[in-house]
Peer 1: 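What follows is a single structure, and I will ask about it in a moment.
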There are 2 protein chains.
Amino acid sequence: MDAMNDPSARLLTLLSLLQTPREWPGSELAERLGVSPRTVRRDVDRLRELGYPVEATMGAAGGYRLAAGTAMPPLLLDDEETVAIAVGLSTVAGNPVNGIEEASLRALAKLEQVLPSRLRHRVGAFRAAAVSMLTGNGPGADPSVLAVTAGAAAASERLRFAYRTRDGDETRRLVEPHRLVLAGRRWYLLAYDNERQDWRIFRVDRMTDVRPTGVRVPPREPPGGDAAAFVTGKMYSLAPTYEVLATVRLPAAQAAERLGAAPGEVQPIDEESCRLRGHADTLEWLASRLLLLGCEFQVHEPPELRAHLRTIAARALRATDDASERGGAAAAG
Amino acid sequence: MDAMNDPSARLLTLLSLLQTPREWPGSELAERLGVSPRTVRRDVDRLRELGYPVEATMGAAGGYRLAAGTAMPPLLLDDEETVAIAVGLSTVAGNPVNGIEEASLRALAKLEQVLPSRLRHRVGAFRAAAVSMLTGNGPGADPSVLAVTAGAAAASERLRFAYRTRDGDETRRLVEPHRLVLAGRRWYLLAYDNERQDWRIFRVDRMTDVRPTGVRVPPREPPGGDAAAFVTGKMYSLAPTYEVLATVRLPAAQAAERLGAAPGEVQPIDEESCRLRGHADTLEWLASRLLLLGCEFQVHEPPELRAHLRTIAARALRATDDASERGGAAAAG
DNA sequence: GCCATATAGGTCAGATCCCGGCCTACATGG
DNA sequence: CCATGTAGGCCGGGATCTGACCTATATGGC
């Protein structure tokens with residue numbers, strides 16, 4: 001199969017074998033690699049010298065296996081594992097709520113760059129199901145759009161895409177991407193618009209048909225220097241959001257834990273309740289998060305959220321109403 | 001730093017450089033690798049012969065970059081990307097709803113096997129936040145328990161762990177793990193209990209302090225042959241679940257899409273409503289899923305779910321009740 | 001307690017590969 | 001048209017790799 005004469009290729013396949021969570025006797029490795037057992041021992045030595053600790057259990061039932069070291073070894077994945085990782089990263093990057101969004105985006109860009117095309121559509125299929133499932137069918141940004149954009153920004157490549165403005169118009173853009181910024185629950189792209197000759201901010205979930213042009217340009221300095229500040233400053237003009245103020249009957253620590261490092265601040269009121277302040281862009285998201293807290297709470301601030309909670313309450317009551325069960329059309333009003 | 005005299009190590013770092021989404025001129029690669037440009041060209045050739053298509057753009061502003069080929073190249077990740085991948089896999093494996101659970105579990109086991117300890121606690125910290133955030137704070141199984149168990153099952157290693165029975169008793173077990181099976185929303189371990197000398201099924205979320213013994217045993221044949229059938233057969237005796245029957249005022253296709261490939265069947269009633277049948281183990285999960293559908297629905301079957309929906313409705317109404325806003329203790333009744 | 005079987009590693013000789021330096025060919029952008 | 005990049009052939013000296021010995025040592029089963 002592979003040319004096992006080449007020590008480098010052999011080391012790679014040896015690594016991939018050792019990453020399987022099982023023990024490999026040296027003789028079997030020798031057979032698989034097509035070399036003598038002595039060479040296998042030498043290769044194992046080489047891996048150890050490279051910093052990848054190959055554990056060996058001695059004795060009659062001995063064997064080799066890869067252990068945790070100080071550096072990550074190169075991951076050698078099969079098709080399904082690759083798809084799983086791509087989908088997993090999509091759920092984290094496409095619905096970011098914790099604090100590793102940028103890293104997951106980098107990893108996703110790195111992965112998409114080398115993803116075989118035969119796996120690409122499988123990833124897409126799973127992604128739709130998984131993301132909508134895990135995130136509560138939010139209208140988040142397409143992870144592959146995110147990945148391509150992040151890659152172009154890192155490579156300083158011009159980017160071409162279609163952008164749907166707030167009014168629903170479709171426009172085509174040619175930009176020099178600078179940085180992706182996460183604000184609230186949405187990704188924004190800070191980029192220099194080549195046609196309009198000015199800096200613009202784009203909502204990534206409104207970008208489609210994204211394709212790198214391949215043209216590299218020297219990176220441009222954004223105005224103000226700090227991309228995040230620039231974006232958050234202009235964000236509210238792009239997407240109207242709701243300011244939330246609520247009282248939650250839960251200790252501040254517990255509330256923060258259940259909410260995750262999500263939007264907003266949590267301030268303790270007393271030992272068993274706290275004040276929640278933050279902003280989000282959809283009422284459904286807010287309502288479901290509050291209800292999933294599993295405790296009593298009061299919503300003070302956005303009247304729309306109060307109205308929406310009443311809507312949900314009414315719907316939940318109708319769902320348990322025996323009267324509407326008989327005549328299906330009764331729920332029309 | 002690295003011994004760049006070794007061609008194997010050099011190829012690895014070259015791969016890691018090329019995985020960065022940018023273009024690398026050959027001269028810079030030569031400098032970084034500490035070899036002559038001619039050797040870089042030879043190394044690039046070698047990568048291509050190994051099946052990793054290194055794209056090169058010719059001309060004055062040329063350079064090398066790694067493109068998508070037919071096989072996945074070994075992924076070389078930095079710390080943050082590794083953590084992001086581990087967290088992403090945890091959200092998919094620890095809250096499985098789509099159909100790549102087994103693959104994500106394999107990938108997670110592979111990754112945890114070689115995860116440097118310094119990254120381990122960072123993964124743990126993010127995991128708690130991310131999983132509870134994305135899954136709606138379900139009491140799912142600990143992903144690292146899942147990963148260790150999957151690894152032991154793959155390696156045919158005996159496993160020792162503490163198990164909390166339904167009555168709340170803690171027992172210590174020594175088993176030969178056979179397979180992990182996903183049933184409904186929970187992971188189950190089918191294993192041969194060495195002390196009780198019989199096959200047993202364990203809920204993974206009740207396993208703690210899991211540690212492989214390192215003792216390898218020849219794999220045993222499970223009773224019926226098919227692990228999944230065996231588990232689903234005994235599942236209901238382990239965890240009491242709720243049978244759901246509901247009518248949803250949404251076309252069947254849309255309902256299926258919003259519910260994902262989750263548990264249950266969706267049967268169309270007419271063009272704008274359908275019947276939903278399935279089972280799940282927590283009322284919170286069921287209620288939130290139904291409410292997130294964003295449409296009218298009626299719950300027929302589990303009386304507990306009807307009661308829970310009324311509870312939620314009452315809580316939502318109290319949250320918008322101005323009277324209870326003044327006196328905090330008024331919500332006690 | 002012994003033996004089979006595993007890892008661990010030293011040594012040697014021959015074949016092979018690797019590397020840098022030099023050369024020419026070719027594509028591209030200013 | 002020229003500077004600058006990739007592409008690749010050729011050559012010679014030196015380093016490396018491999019298999020085939022060998023011994024030491026740890027472990028589990030009989």
Side-chain angles (χ1 to χ4, degrees), chain A residues 2-14 17-18 22-50 52-67 155-158 213-218, chain B residues 2-14 17-18 22-50 52-67 155-158 213-218:
Chain A
D2 264 330
M4 281 311 162
N5 317 337
D6 187 0
S8 310
R10 204 179 50 228
L11 271 195
L12 279 178
T13 59
L14 177 57
L17 289 177
L18 289 180
R22 57 164 282 201
E23 286 215 334
W24 295 88
S27 57
E28 188 172 349
L29 292 176
E31 197 180 343
R32 290 227 184 194
L33 299 175
V35 291
S36 75
R38 183 67 184 90
T39 302
V40 168
R41 264 171 284 162
R42 270 193 278 249
D43 283 353
V44 167
D45 270 351
R46 269 237 295 261
L47 286 185
R48 294 205 250 247
E49 274 167 23
L50 288 178
Y52 309 129
V54 180
E55 250 177 24
T57 58
M58 301 198 62
Y64 296 95
R65 74 189 314 169
L66 195 57
S156 300
E157 265 188 25
R158 282 225 185 89
T213 61
V215 178
R216 289 180 59 203
V217 289
Chain B
D2 264 331
M4 280 311 164
N5 318 336
D6 187 0
S8 311
R10 204 179 51 228
L11 270 193
L12 281 177
T13 58
L14 177 58
L17 288 176
L18 290 179
R22 56 165 281 199
E23 285 216 333
W24 294 88
S27 56
E28 188 173 349
L29 291 176
E31 196 181 344
R32 289 227 184 195
L33 300 175
V35 290
S36 74
R38 183 65 186 89
T39 302
V40 169
R41 265 172 280 161
R42 269 194 277 249
D43 283 353
V44 167
D45 270 351
R46 267 237 296 264
L47 286 185
R48 292 203 250 247
E49 274 167 21
L50 288 177
Y52 310 130
V54 180
E55 250 175 24
T57 58
M58 301 198 62
Y64 296 96
R65 73 187 317 168
L66 195 56
S156 302
E157 264 187 24
R158 283 225 185 90
T213 61
V215 179
R216 289 179 58 201
V217 289

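Heavy atoms only: backbone and side chains are in, while hydrogens, waters and symmetry mates are out. These numbers come from a predicted model, not from an experiment. Chain A is the first sequence line, chain B the second, and so forth, proteins listed ahead of strands; every chain is numbered from 1.
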Peer 1: May I have the distance from A:Asp6 (atom CG) to C:dA15 (atom P), rounded to whole angstrom?
Peer 2: 21 Å

Peer 1: Taking only residues two or more places apart in sequence or in another chain, which ones pass salt bridge (charged side-chain N to carboxylate O under 4.0 Å, His left out) with B:Arg22?
Peer 2: B:Glu28

Peer 1: Using distance only, find each side-chain donor-acceptor pair of residues 33-40 of chain A under 3.5 Å and give its atom names and separation, not counting sequence neighbours.
Peer 2:
unit_1: A:Ser36; atom_1: OG; unit_2: A:Thr39; atom_2: N; d: 3.4
unit_1: A:Ser36; atom_1: OG; unit_2: A:Thr39; atom_2: OG1; d: 3.2

Peer 1: Please compare B:Pro37 and A:Glu55 by the position of their nearest nucleotide in DNA chain C and report the one closer to 5'.
Peer 2: A:Glu55

Peer 1: If I take atom CG in residue A:Asp43 and atom P in nucleotide D:dT16, what distance separates them, rounded to the nearest angstrom?
Peer 2: 15 Å

Peer 1: Tell me, do A:Leu11 and B:Leu12 make a side-chain contact under 4.5 Å, heavy atoms counted?
Peer 2: no

Peer 1: Would you say a side-chain N or O of B:Thr39 is under 4.0 Å from OP1 or OP2 of C:dG20?
Peer 2: yes

Peer 1: What I'd like to find out is whether the side chain of A:Arg46 reaches to under 4.5 Å of the side chain of B:Asp6, using heavy atoms alone.
Peer 2: yes

Peer 1: Quick one: closest heavy-atom pair of A:Val44 and A:Leu14, and the distance?
Peer 2: N-CD2, 4.3 Å

Peer 1: Could you work out how much the helix from C:dG1-D:dC30 to C:dG30-D:dC1 bends, comparing the axis of its first five pairs with that of its last five, to 10°?
Peer 2: 60°

Peer 1: Could you list the residues that satisfy salt bridge (charged side-chain N to carboxylate O under 4.0 Å, His left out) with B:Arg42, not counting sequence neighbours?
Peer 2: none

Peer 1: Any side-chain N or O of A:Ser36 under 4.0 Å from OP1/OP2 of D:dT18?
Peer 2: no

Peer 1: I need a per-nucleotide contact map over nucleotides 1-14 of chain D, read 5' to 3'. Cutoff is protein heavy atoms under 4.0 Å; write B for the base, S for backbone only, - otherwise.
Peer 2: ---BBBBBBB----

Peer 1: Could you check how far CD of A:Glu23 sits from C1' of C:dA6, rounded to whole Å?
Peer 2: 11 Å

Peer 1: What is the minimum heavy-atom distance between A:Leu18 and A:Trp24, and which atoms define it?
Peer 2: CD2-CD1, 4.0 Å

Peer 1: Applying side-chain hydrogen bond (donor to acceptor under 3.5 Å, both in side chains) as the test, list every pair that has at least one member in residues 56-67 of chain A; sequence neighbours left out.
Peer 2: A:Glu23-A:Thr57, A:Arg65-B:Glu157

Peer 1: In whole angstrom, what separates B:Leu11's CG from C:dC19's P?
Peer 2: 9 Å

Peer 1: D:dT18 phosphate, OP1 or OP2: any side-chain N/O from A:Arg10 under 4.0 angstrom?
Peer 2: yes

Peer 1: For A:Arg41, enumerate each residue passing the salt bridge (charged side-chain N to carboxylate O under 4.0 Å, His left out) test, keeping only those at least two apart in sequence or located in another chain.
Peer 2: none

Peer 1: Rounded to whole angstrom units, what separation is found between the CG atom of B:Leu14 and the P atom of C:dC18?
Peer 2: 14 Å

